[in-house]
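Have a look at the structure below before the remarks.
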Amino acid sequence: MINWSEEKVRAFQKTLLNWYDQNKRDLPWRQDHDPYHVWISEIMLQQTQVQTVIPYYQRFMKQFPTVQSLANAEETELMKAWEGLGYYSRARNLQRAAQQLVDDYQGHWPTDVHELQQLSGIGPYTAGAIASIAFNQPVAAVDGNAFRVFSRLLEIDDDIAKPQTRKVFEKVINRIISKERPGDFNQAIMDLGASYMTATNYETAKSPVKAFNQSYLDGVEAHYPVKTKKKRPVPVDYFGLVIHSNQGYLFEKRPAKGILAGFWMFPLFNKSALAADESMTETSLIQALEKQFHSESGLSLHLTKVPSKPVSHTFTHQKWQITLLSSRLSADADLSFFSGNWIPTSEFENTPFSKVQSKMWLAYSNASNK
DNA sequence: GAGTCGTGGAG
DNA sequence: TCTCCAAGACT
């Protein structure tokens, strides 16, 4: 797979690290090599762009400056700090790992890659990143950048969407990585992948390592990396209920597992689950919803369509389209059938909301202020 | 091993 | 509007 001589490997390391020393990005988590700083930044950066992460990272460090403070944090405050970043299980795993560090490791970090992977939320990439950056271990940190950069450098044709492909790249990188400066080597590859070797609009001709880039030299770089396509999001249509009383708005806590787990949201009702057949009009769907609500609770809701466009929100694998309906209800109505709570608007700022919940609230507020 | 899990930006 | 991408992990 790789036919580089020892001499070429050393030349590549020298070229890459010299470029990195002159051009590395000045990022908040690069002020030192503290494993806590490296860890938090790596988790936040998963599937998330640098510019998005920076303000979250800075707020997080002020609020939770140590492993200990993270381990002892209130879940609501933790989720509020993570609000808007997405992939919320990252935050929960973060706290679980902090508690593991306190309870099982007496607050002392393991430095071995395999041991690091025993911590919640730390997989092969993040373990490699922490081990190399914080503890100077000569191990690969194979993320999307590494896949992209090395597939182009070496014309590796394996599909990077396949889990088994990781070990191909780990093997190659473990041979090429600098044994003296493994952390800088891995970070240099990331900076390269974010500048001269991005997914699109890359400027390989200006890249400091273009002489080592076989696919560029062969004029076939557009072919790399090889990656199979993902499925498109499935449309799912809901009614979103904005129910108001003198106690606030009615929220429902989402199940502990699945999408947006544990978040408080306006109650959502799947339209297709409500429809007896596919030809039902929206008006009759609303009537069916009122009827279902009545049979489950004994409460008579009169639902009115909110004069706004449906709220649209796309996840990785689902595209939600939410039609907002509003109603008033007495605060002393018996809602015991329903895992819900009244939340006053004064508490909104202390309650973690998903982006789609914020969109619903915004659409409703705008419509009712007209 | 394929599906699941958020959000924002770019083209 | 659609599609893909951005420092992945877990089931």
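Numbers restart at 1 for each chain; the letters A, B, ... are given by sequence-line order, proteins then strands.
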Checking all strands, does [X] fall into the base, sugar-phosphate, or nothing category for heavy-atom contacts under 4.0 angstrom?
X: A:Ala129; answer: nothing
X: A:Lys359; answer: nothing
X: A:Trp320; answer: nothing
X: A:Arg92; answer: nothing

Establish, yes or no, whether a centroid distance under 6.0 Å links the rings of A:Trp361 and A:Phe353. no
Can the ring centroids of A:Phe263 and A:Tyr88 be said to lie less than 6.0 angstrom from one another? yes
Residues within [range] bordering DNA chain B, heavy-atom distance below 4.0 Å:
range: residues 187-198 of chain A; answer: none
range: residues 252-262 of chain A; answer: A:Gly258, A:Ile259, A:Leu260
range: residues 47-64 of chain A; answer: A:Gln47, A:Thr48, A:Gln49, A:Gln51
range: residues 81-88 of chain A; answer: A:Gly84, A:Leu85, A:Gly86, A:Tyr87, A:Tyr88

If the plane angle is over 60° it's perpendicular, under 30° parallel, otherwise tilted; pick one for A:Phe212 and A:Trp4. tilted
Identify all side-chain donor-acceptor contacts of residues 129-142 of chain A below 3.5 Å with residues at least two apart in sequence or on another chain.
from     : atom 1 : to       : atom 2 : distance (Å)
A:Ser132 : OG     : A:Gly128 : O      : 2.8
A:Ser132 : OG     : A:Ala129 : O      : 3.2
A:Ser132 : OG     : A:Asn186 : ND2    : 3.0
A:Gln137 : NE2    : A:Phe135 : O      : 3.3

Using the [atom1] atoms only, state how far [M] lies from [N], rounded to an integer number of Å.
N: C:dG8; M: B:dG1; atom1: C1'; value: 16 Å
N: C:dC5; M: B:dG6; atom1: C1'; value: 14 Å
N: C:dA9; M: B:dG9; atom1: C1'; value: 23 Å
N: C:dC4; M: B:dG3; atom1: P; value: 15 Å
N: B:dG8; M: C:dT1; atom1: C1'; value: 16 Å

Across all chains, not counting sequence neighbours, the salt bridge (charged side-chain N to carboxylate O under 4.0 Å, His left out) partners of A:Glu290 are none
Taking the side chain as everything from C-beta on, heavy atoms only, tell me whether A:Thr48 gets closer than 4.5 Å to A:Leu85. yes
Measure the shortest side-chain to side-chain distance between A:Trp39 and A:Leu116 over non-hydrogen atoms and say whether it is less than 4.5 angstrom. no
Who are the side chain to side chain contact (heavy atoms under 4.5 Å, CB included) partners of A:Lys253, not counting sequence neighbours? A:Trp264
Side chain to side chain contact (heavy atoms under 4.5 Å, CB included) with A:Gln100: which residues, sequence neighbours excluded? A:Ala97, A:Asp104, A:Leu119, A:Ser120
Contact nearer the 5' end of DNA chain B, comparing A:Asn201 with A:Ser354: A:Ser354
Using the closest heavy atom to pick a nucleotide of DNA chain B for each, name whichever of A:Ser89 or A:Lys231 lands nearer the 5' end. A:Lys231
Check: A:Glu42/A:Tyr125 side-chain N/O donor and acceptor closer than 3.5 Å: yes
Just checking, any donor-acceptor pair under 3.5 angstrom between side chains of A:Asn93 and A:Arg96? yes
Taking the basic N atoms (NZ, or NE/NH1/NH2) and the acidic carboxylate oxygens, is any pair closer than 4.0 Å for A:Glu349 and A:Lys80? no
Rounded to the nearest angstrom, tell me the gap between atom CZ in A:Phe263 and atom C1' in B:dC5. 12 Å
Can you check the A:Phe353 CZ to B:dG6 P distance for me, whole Å? 17 Å
Shoot me the first and last contacting nucleotide of DNA chain C against chain A, ordered 5' to 3', at under 4.0 angstrom to non-hydrogen atoms. C:dC2 to C:dC10
Does A:Phe315 form a ring pair (Phe, Tyr, Trp, His ring centres under 6.0 Å) with A:His317? I'd like the steps, not just the answer. CA-CA 5 Å; A:Phe315 301 94; A:His317 57 291; 7.2 Å; no
Return the CG to CZ distance between A:Asp143 and A:Arg166, rounded to the nearest 0.5 Å. 8.5 Å
Hey, what do you get for CE (A:Met190) to CG (A:Asn145), rounding to the nearest 0.5 Å? 7.0 Å
Determine: side-chain N/O of A:Lys162 to OP1/OP2 of B:dG1, distance under 4.0 Å, yes or no. no
If you pin A:Ile122 and A:Ser41 to their nearest nucleotides in DNA chain C, which one's is more 5'? A:Ser41
For A:Arg30 and A:Gln117, take the nucleotide of DNA chain C holding the closest heavy atom to each; which residue's nucleotide lies nearer the 5' end? A:Arg30
Which pairs would a plain distance check flag for residues 218-229 of chain A, meaning a side-chain donor or acceptor within less than 3.5 Å of a matching protein atom at least two apart in sequence or in another chain?
from     : atom 1 : to       : atom 2 : distance (Å)
A:Asp218 : OD1    : A:Gln214 : NE2    : 3.2
A:Asp218 : OD2    : A:Gln214 : NE2    : 3.3
A:Glu221 : OE1    : A:Thr204 : OG1    : 2.6
A:Tyr224 : OH     : A:Asp157 : OD1    : 3.1
A:Thr228 : OG1    : A:Asp159 : OD2    : 3.0

Would you say A:Val149 and A:Ile156 are hydrophobically clustered, going by side-chain heavy atoms of ILVMFWY under 4.5 Å? yes
Under 3.5 Å, which donor-acceptor pairs link side chains of residues 230-249 of chain A to any protein atom two or more places apart or in another chain?
from     : atom 1 : to       : atom 2 : distance (Å)
A:His244 : ND1    : A:Gly248 : O      : 3.3
A:Ser245 : OG     : A:Gln247 : N      : 2.9

Could you check whether A:Arg152 makes a cation-pi contact with A:Tyr202, meaning its NZ or CZ is under 6.0 Å from the centre of the six-membered ring and within 45° of the ring axis? yes
Which residues, if any, of residues 308-318 of chain A bring a heavy atom under 4.0 Å of DNA chain C? none
The test is side chain to side chain contact (heavy atoms under 4.5 Å, CB included); show your working for A:His37 and A:Asp32 and say whether it passes. CA-CA 8 Å; A:His37 298 163; A:Asp32 55 48; 2.9 Å; yes
